[in-house]
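Lettering of chains follows the sequences in order, A, B, ..., and the numbering in each one begins at 1.
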Number of protein chains: 2
Amino acid sequence: MKLQQLRYVCEVARHNLNLSTAAEALFTSQPGVSREVRNLEEELGVDIFVRHGKRVVSVTEPGQAILEIAGRVLGDIENLKQVGQDFTQRDKGELTIATTHTYARYVLPQVLQRFSQQYPAVRVSLRQGSPDQSWDVVKSGEADIAVSTEPTKAPDHVVMLPCCGCERAVLVPHGHPLLKVKKLTVEAIAAYPIITYDSTFGGQSKFYRAFAEKGLEPNVVLTAIDSDVIKTYVELGMGVGIVAKVAYDRKRDTGLRSLDASKLFAASTTYIGIRANNYLRGYTYDFIEMFAPHLTRAAVDDAMRTNGHRAPSRRAVAAQSGR
Amino acid sequence: MKLQQLRYVCEVARHNLNLSTAAEALFTSQPGVSREVRNLEEELGVDIFVRHGKRVVSVTEPGQAILEIAGRVLGDIENLKQVGQDFTQRDKGELTIATTHTYARYVLPQVLQRFSQQYPAVRVSLRQGSPDQSWDVVKSGEADIAVSTEPTKAPDHVVMLPCCGCERAVLVPHGHPLLKVKKLTVEAIAAYPIITYDSTFGGQSKFYRAFAEKGLEPNVVLTAIDSDVIKTYVELGMGVGIVAKVAYDRKRDTGLRSLDASKLFAASTTYIGIRANNYLRGYTYDFIEMFAPHLTRAAVDDAMRTNGHRAPSRRAVAAQSGR
DNA sequence: CACCGTTACGGTATCCGTAAGGATT
DNA sequence: AATCCTTACGGATACCGTAACGGTG
C-alpha cells in the first residue's frame, strides 16, 4: 500500500468519480491513476468504486469506509509536514480563520493586529461565513480554527473551546422613543420593527425564546448576516437593530445609539473550534491565547486530547512488520 | 514520504532506539533503516532522534509529535486492511478482548459460546488483567475491546460504552453467623475479616467509602485479583468475601453461601471500551450487541463518532496534489 | 463521434541488501 | 574489543508516462 494510492483514490472521489480530471489535478497521467486505484482495490481485496462498463459511477460500501480512513491518513501526513515546518520555520506559515462577519469586523482586528506584529511572516486568511459554514470549513480542514458562536448542529470531529459570552445590544437612531424608556424590556422592543441577524446565524433561538417567554412575537422586518448592513437600515429608521454588543462603536457609529440588552437575551457563547487530531502550529496556539487568555497551550492540548487524539498502536505496527 | 519510513521510525522508537533490533524486527537490513530514518528526517526538515555520535539516545521534541502521528497513520493503514477483510472474509478473523478475571470467568463464557457458534472461524483471545491494564491494552491497539469496570484514570483515545451495573455480593461459608442476621449491614460485615479484590481493581473506592460513611474501617486480611482465589479462602474460613455478584454460582459453589450486598455498596458500572478511530469488524459489533443488547451497531458508531473519528480533509488532499 | 477508462510496453529512478568504515561504551 | 550507526556501491524492482485499444453516452 502506498500513500500515492490513497491520494489518488481520495482525489477521484473529490472529482465526481472522474479519473481524468483527478489525474489532471494530481499532475499525473490518467492511466497511472487508473492502475493505482485498481492496485489498491486488489490489495485490499474489495472494490472501492462501482464501475458500469468503463465508467466509474459510485462508491461501494467498503469504499465509503476506505475513503474516510484514507482521508484521515492524508490529513495526518499533512500534520507531519506541519510538525516539520513548525520546528524549522517557527514564525512562518499560514493561518486560516473561519469566522462570521461580526467577529471578522469587530473582534478580530485588534487581535490580528497584535498577532501580525509578532508574526509578520504568517499569512492570515479569513474565511467569512455563517457559523455553520465556519464549523464545516474547520471540519474539512480548509481552515485551521473557527471563531464563532455555536453551530445549529453539533459538529463531530471538531473540538469546541468556549471563550466568552457574546452579549446583545439594541441599536436605535438618535431620538428614538426607546431611548426615553427607563428600563429596557422585551415588551418595549417588541413594539417596534426589528432588524437582526439572519436565521442561519447562531444565538437566534435565544433571541426568539426571550420574546416567546413573554408571549410576544417579534416583528422582524429585515434580516442580514452583517452587522454593518443592519446598522445601515437602523440608521434609515426602518427599525431597531439587535446585534452583538461588540458591533457598536460609539465613535464610529455617530448616527446610532446603543442600549445594553445583555439582561434581556441570554448571551450566546463565543467558541474557538479546532479540528480533532490536527497538529497546530506554535503561532496558532499563540493566536488562540491572544484571543482568549485562558486558552493556554496546555488548556487547548488538554481539550483536544480528551476529544480526538489517538496514540500509536503496538499491534498495528507489529502487524506490518512483514514487508 | 513513504509508509515504510513511518513504520521504521515507530519500530525504532519501540525498540529502545536501537536501529539494529528494529531492523531485525522489520525483517530488513539495518543500513536500510538508518537510511530511511534519515530520509524522513531530511524530508520533514527536523531530526526525530537525538544522536550522540553514532548512537541514537533519545527522541527530539518534534520527534515526539511525529511518532504520535506516525503511529496514528499506521493504525489507520491497519484499519484499511480490516475494511478489506471485513468485506471479503466477513466471518473470519480475530477478536481480542481485554478483561478481568471476573468477566472472563463468569460473564463472558455464555456470550462467547453464542458468539463462537455464530462465528466459528473467528479466533477469540482473552487478555486478562486489571481494569487499568485492560484499558491500556485497548488504547495501544493490542486488544479490540475492553470489558471491564471503569479505570482509575480516564483513558484518552478510548470510547467507553456503559453496559450495566456490576453488583456486589458477600460470600460466607456454611453456618456463618452473618447468615443469621436479619438485615445485612455494613456494620455487621465490618465485624469479620474481609477478603476482596486487589486495590488495582476498580470499584474499590466504593467499597471503602461504604465503610468510611459509617465511620468504620474494614479489616481486609487478604486481597486477590481473582474471584476464585477469594472463594477458596472464604471456604477455608479465613474471612467473608466481597466479590461481584456474578461470581457466585449456587450449583458450583456448594461450600459457600451468597448474600446480596447490592444495597450496601454502590454498584460499579461495566463498560465496553473501544479505541477511538478503530475500524471494527462486523462480528465485533455483533459481539458487543450480544454482550449488551442496547449497544447496537448504530449506538456504537454514534458513540465513536462523537469521540474520535475525523473526516477527510480537502485541504490536506489539495496540498499534496503536486507530487 | 467524443469522452472515458483499460491494457500494453519500455525507460528510468528508486529502493534495498551487501560490504566496508568510523564512533562510542 | 564489541556494539552500533553510517557511508558506498551495484543489481533488481517497481514505478510512471506514452501510445494504442475498447466501451459508453
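Going from atom CZ of A:R51 over to atom C1' of C:dC4 covers 13 Å, rounded to whole Å. The CG atom of A:L26 sits 11 Å away from the P atom of D:dG17 (whole-angstrom rounding). Put simply, CZ on A:R7 is 14 Å from P on D:dC15, counting in whole angstrom units. Computed from coordinates, the B:E42 CD to C:dT14 P distance equals 13 Å when rounded to whole Å. Atom P of nucleotide D:dC15 and atom CD of A:Q5 are separated by 8 Å, given to the nearest angstrom. Rounded to an integer number of Å, the gap from CZ of A:R38 to C1' of C:dC4 is 13 Å. In this structure, CE of B:M1 is placed 16 Å from P of C:dT14, rounded to the nearest angstrom. Distance, B:D47 CG to D:dC5 P: 15 Å, rounded to whole Å.
You won't find any donor-acceptor pair under 3.5 Å spanning the side chain of A:R35 and the base of C:dG5, going by distance alone.
Where B:V56 and A:E36 each meet DNA chain D at their nearest nucleotide, the meeting point lying more 5' is that of B:V56.
For B:K2, taking side-chain heavy atoms from C-beta onward, the closest of the listed nucleotides D:dC16, D:dT6, C:dC16 is C:dC16. The side chain of B:S34 approaches D:dT6 more closely than any other nucleotide in the set D:dC4, D:dT6, C:dG5.
Judged as a side chain to side chain contact (heavy atoms under 4.5 Å, CB included), and not counting sequence neighbours, the contacts of A:Q85 are A:Q89, A:R281.
Between A:R51 and A:E41 there is a salt bridge, since a side-chain N of the basic residue sits under 4.0 Å from a carboxylate O of the acidic one. With respect to A:K2 and A:E36, a salt bridge is recorded, a charged nitrogen being found less than 4.0 Å from a carboxylate O. Ion pair A:D47/A:R38 not flagged as a salt bridge, since none of the NZ, NE, NH1 or NH2 atoms sits closer than 4.0 Å to an Asp/Glu carboxylate oxygen.
Listed pair B:T28 / C:dC16 fails the phosphate criterion, with no side-chain N or O lying under 4.0 Å from OP1 or OP2. Residue A:N18 places at least one side-chain N or O closer than 4.0 Å to OP1 or OP2 of C:dG5.
When heavy atoms are screened at a 4.0 angstrom cut-off, B:S29 is found touching base atoms of the nucleic acid.
There is no side-chain donor-acceptor pair under 3.5 Å between A:Y279 and A:D76. For the residue pair B:T284 and B:D144, no side-chain donor N or O sits within less than 3.5 Å of a side-chain acceptor on the partner.
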Sugar-phosphate or base contact per nucleotide [nucleotides 20-25 of chain C; S, B, -; heavy atom under 4.0 Å]: -BBBB-
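Taking the six-membered ring for Trp and the full ring otherwise, the centers of B:F287 and B:Y283 sit at least 6.0 Å from each other.
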